[in-house]
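Quick note: numbers below take in every heavy atom, side chains included, and nothing from hydrogens, waters or symmetry partners.
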Amino acid sequence: LDFNFAATKKLDSRISYHRSGRASYHNEFGKVVLVGADAPRFDHTFPEYWDEGTLGDSNSRGESKGLLIEESRTNIYKNNHNLTTANDHGGITQTLNTTETTAPDGTFTATKFDVTGGDQWVRFDNNNGLDNSTINADTFSTSIYMKTVGTSNVNVALDFGDAGNKTFSVGQEWKRYAISNVHNDYGSFRFVDLVLQGDIYIWGLQVEKGAFPTSYIPTNGTAV
């Protein structure tokens, strides 16, 4: 019986594997792959940056990591393939489902933000998909895939509910960026903000209750 899943990338027929619902993994080509219930996932490294450390290997993609098994989580951002924003500064132009680049899963579902002037912000809240009813004074992890439109790196600050703020230097390849923090449970400040200093593409916003981000969970109108 071979348990070297990083090498074999398959399960022996004597192993029974079950999982509820859709899920994702990164394949050997650096793409996000979505699978249905009960499909085992053999994950690979992908550039991922987290304010509390590094997710996987931040400097590589496509190296086999083996069988992906993780705890159950819920993405409470309810429409992360259509990242419309509730509040923008006037210096931002938004293009949904841009055809200028493919998203990390190979589809044309990324959102482009053209920025005029620095430090322009966009907000994702209950008006456009964030399930505020489940947010309280607990630890949440927020993650999003980003890359720049041009050839220069762009500073992007990621903030959840005014409780945590981390600035990342975003480059020309898709990478996943994440923060984890205890939400300040004080009324209406339940949102995700991106503060942009240049033009970027974004995809796959995820907000989940927990001290670290898990694999990407797709949503389309409801928390999953």
Side-chain angles (χ1 to χ4, degrees), residues 22-27 29-35 44 46-49 55 58 61-62 75-130 142-160 166-179 191-208 213 215-224:
R22 299 178 71 202
S24 72
Y25 68 95
H26 296 109
N27 70 10
F29 305 109
K31 180 182 290 187
V32 175
V33 178
L34 305 179
V35 295
H44 299 76
F46 190 88
E48 300 179 291
Y49 297 88
L55 294 172
S58 64
R61 68 179 74 214
N75 184 2
I76 62 173
Y77 190 78
K78 298 183 290 186
N79 199 4
N80 64 0
H81 273 190
N82 187 16
L83 290 179
T84 57
T85 55
N87 299 285
D88 298 342
H89 274 183
I92 289 182
T93 301
Q94 175 179 298
T95 306
L96 293 175
N97 299 323
T98 178
T99 58
E100 293 181 1
T101 185
T102 55
D105 66 345
T107 63
F108 290 109
T109 53
T111 300
K112 179 185 179 183
F113 287 102
D114 291 299
V115 177
T116 302
D119 291 338
Q120 303 290 340
W121 60 270
V122 293
R123 173 165 294 179
F124 305 92
D125 60 18
N126 63 308
N127 292 311
N128 68 335
L130 186 63
T142 304
S143 56
I144 191 167
Y145 291 83
M146 297 186 288
K147 74 172 184 176
T148 63
V149 174
T151 58
S152 300
N153 283 21
V154 171
N155 287 334
V156 178
L158 177 59
D159 179 29
F160 177 58
K166 172 70 175 181
T167 298
F168 298 98
S169 179
V170 178
Q172 293 80 54
E173 293 184 299
W174 285 112
K175 298 178 182 179
R176 194 183 189 207
Y177 302 85
I179 60 172
F191 55 80
V192 177
D193 277 353
L194 295 178
V195 182
L196 314 176
Q197 295 185 3
D199 303 343
I200 66 166
Y201 302 107
I202 65 171
W203 185 82
L205 178 62
Q206 183 158 311
V207 182
E208 56 191 302
S215 61
Y216 168 68
I217 303 170
T219 61
N220 187 22
T222 185
V224 175

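Nearest approach of Leu34 to Pro218, heavy atoms of both residues: CD2-CG, 4.0 Å. In plain terms, the two heavy atoms of Phe113 and Leu196 that are nearest each other are CB-CD1, 3.9 Å. Contact detail for Val154 and Asp199: the closest heavy-atom pair is CG2-O, 4.0 Å. Contact between Ile217 and Val224 at its shortest, heavy atoms only, is CG2-O, 3.5 Å. Contact between Thr142 and Leu158 at its shortest, heavy atoms only, is O-CD2, 3.9 Å. In terms of heavy atoms, Phe191 sits closest to Asp125 at CB-CB, 3.9 Å.
A donor-acceptor pair is defined here as one N or O able to donate and one able to accept, closer than 3.5 Å; no such pair exists between the side chain of Gln206 and the backbone of Ser143. Side-chain atoms of Asn80 come within 3.5 Å of backbone N or O of Thr219 as a donor-acceptor pair. Using a distance-only test at 3.5 Å, with no hydrogens or angles considered, a donor-acceptor pair links the side chain of Asn27 to the main chain of Gly30. Checked by atom type and distance alone, the side chain of Trp174 pairs as donor or acceptor with a backbone atom of Thr102 at under 3.5 Å. When atom types are taken as modelled, the side chain of Asn220 and the backbone of Asn79 share no donor-acceptor pair closer than 3.5 angstrom.
If you take CG on Leu130 and CD1 on Ile76, they are separated by 5.0 Å, rounding to the nearest 0.5 Å. With rounding to the nearest 0.5 Å, the separation of CZ in Arg176 from OG in Ser215 is 7.0 Å. Atom NZ in Lys112 sits 11.5 Å away from atom NZ in Lys147 (nearest 0.5 Å). Atom CG of residue Asn155 and atom OG1 of residue Thr148 lie 11.5 Å apart, to the nearest 0.5 angstrom. Here CE of Met146 is found 10.0 Å from CG of Leu205. Values are rounded to the nearest 0.5 Å.
By the 4.5 Å heavy-atom criterion applied to side chains, Ile144 and Leu194 are counted as neighbours. Using a 4.5 Å heavy-atom cutoff, the side chains of Val195 and Trp121 are in contact.
By the 30° and 60° cut-offs, the orientation of the rings of Phe124 relative to Tyr77 is perpendicular.
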Test side-chain contact (heavy atoms from CB on, under 4.5 Å) on Ile202 and Tyr145 and set out the steps.
-> CA-CA 6 Å; Ile202 65 171; Tyr145 291 83; over 6 Å; no

Step-by-step side-chain contact (heavy atoms from CB on, under 4.5 Å) determination, Val170 to Lys175 | CA-CA 8 Å; Val170 178; Lys175 298 178 182 179; over 6 Å; no

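Residues Ser169 and Asn153 bring a donor and an acceptor atom of their side chains to less than 3.5 Å of each other.
With respect to Arg123, the side-chain contact (heavy atoms from CB on, under 4.5 Å) criterion is satisfied by exactly one of Asp193, Asp159, Val192, Asn128: Asp193.
Under the 6.0 Å cut-off for aromatic ring centres, Phe46 and Tyr216 do not qualify, their centroids lying 6.0 Å or more apart.
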